[in-house]
Amino acid sequence: MLDLIVRNATLPDGRTGMDIACQDGRIVALAPKTEGTAAQEIDAAGRLVAPPFIDSHFHMDATLTYGRPRVNESGTLLEGIALWGELKPLLDEEEIFARAMELCRWAIARGNLAIRTHVDICDPALTAVRALLAVRERMRPYIDIQIVAFPQDGFYRDPKAEGQLLQALDLGVDVVGGIPHFERSMADGSASITRLCEIAAERGLMVDMHCDESDDPLSRHVEMLARETVRLGLQGRVAGSHLTSMHSMDNYYVSKLIPLMAEAGLGVIANPLINITLQGRHDTYPKRRGMTRVKELIGAGLDVAFGHDCVMDPWYSLGSHDMLEVAHMGLHVAQMTGQAEMRAMFAAVTTASARILNLQGYGLEPGCNADFVLLQARDPIEALRLRPARLAVVRRGKVIARTPPVTARLTLEGEEREVDFTLPAGDAS
Ligand code: FE2
């Protein structure tokens, strides 16, 4: 007997009437009308089953601290960094652990089963590093967590950062981070990229830098990130997060830059909610959107993923860790409204993220981990439109979260009706 069969699912690629059979934590069959019985059966009733959502860029050490010790009044990145600097000395390991654990529960309820979180290593005690390493171990059965060693105060600007970053990697942090645009000079930013990529190459690690998170069109550190990736043979293992300055760059320069990024196989991680909120704050009108060139980068064959970046912290006051909310915002900001474009926005929080994070066993195919989400929607575009209930979240063949369907009951003209915001079957297009 199988552990679990999900019957009559629609898959993100458009296949309908599919049964997903799971055994020992893996998908063992994926076909219409699978024979056999299972300990648990779920009738998907034609609804969408997607691989789990992935948050490819987050800060678990800062999350759920909104208002402590005060609110970011200007709404800028730099006031957020200053505010985080005030908050850091007030935090201890137990408290960071508790907040990050709660965020993981929110993530799982939303069907997000992988998170790449940055952790600030500019604290001599590495308090947040220890807390998040403990969260990664505790939540390992339920959610994949990658931790990035992030020198928030600058790899060279903070004289202690290099030693502490190496110490964090020794403790088991997975990925090398950076923040070249925050160093004191362009030259320091470039030098930090070289050193950090060398550290990653020596240790066989991936790289994910906050890069060019600025409206300054001359912030061109991504060029150096691509160069060092090629020089050190790190293709496919390096991601540039944010890249917001690309929004403001000269088009001629970008026509040279994007092919260099493609040559390096850079992963691109935009954070639509945060980019649209933090960037453009020095503009009057017209006001820039501040998100990187998502459409052009996808068009050039690069993998583009979306991250949530922040939930209720010094930089962002809202959010519930819903990656469909992130994709919905990304779709609007990037004006990705064609059918294939909207599907690419769904991929930016699922399959494209998985490729950038190099997740093993991800996807809906026999042999993959039995991890997936049943949504109250019939296809990825309807999921983006409705940001619907995650009816069931499955991890290694077991249901670990459920949300009841959202249906409104109306009493109009003496009649009872139900509304769930979907068109009747067959009329969806
Ligand atoms: Fe970030």
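Ligands are counted one by one from 1 in listed order, and the atoms in each one are counted from 1 as well.
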The Fe ion (ligand 1) to Asp309: nearest N/O/S atom name: OD1

Proximal heteroatom of His210 relative to the Fe ion (ligand 1) (N/O/S): NE2

Residues Arg385, Glu382: salt bridge by 4.0 Å N-O rule: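 Salt bridge: yes.
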
Close side-chain approach of Pro314 and Asn72, heavy atoms under 4.5 Å: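 They are not in contact (no side-chain heavy atoms under 4.5 Å apart), so the answer is no.
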
Beyond-backbone contact of Leu64 with Val311, side-chain heavy atoms, under 4.5 angstrom: yes

N, O or S atom of His59 closer to the Fe ion (ligand 1) than 2.8 Å: yes

Heteroatom test (N, O or S) for His57 near the Fe ion (ligand 1), limit 2.8 Å: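 Coordinating: yes.
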
Test log, rule side chain to side chain contact (heavy atoms under 4.5 Å, CB included), inputs Glu223 and Lys256: CA-CA 10 Å; Glu223 176 186 272; Lys256 176 196 172 198; 4.2 Å; yes

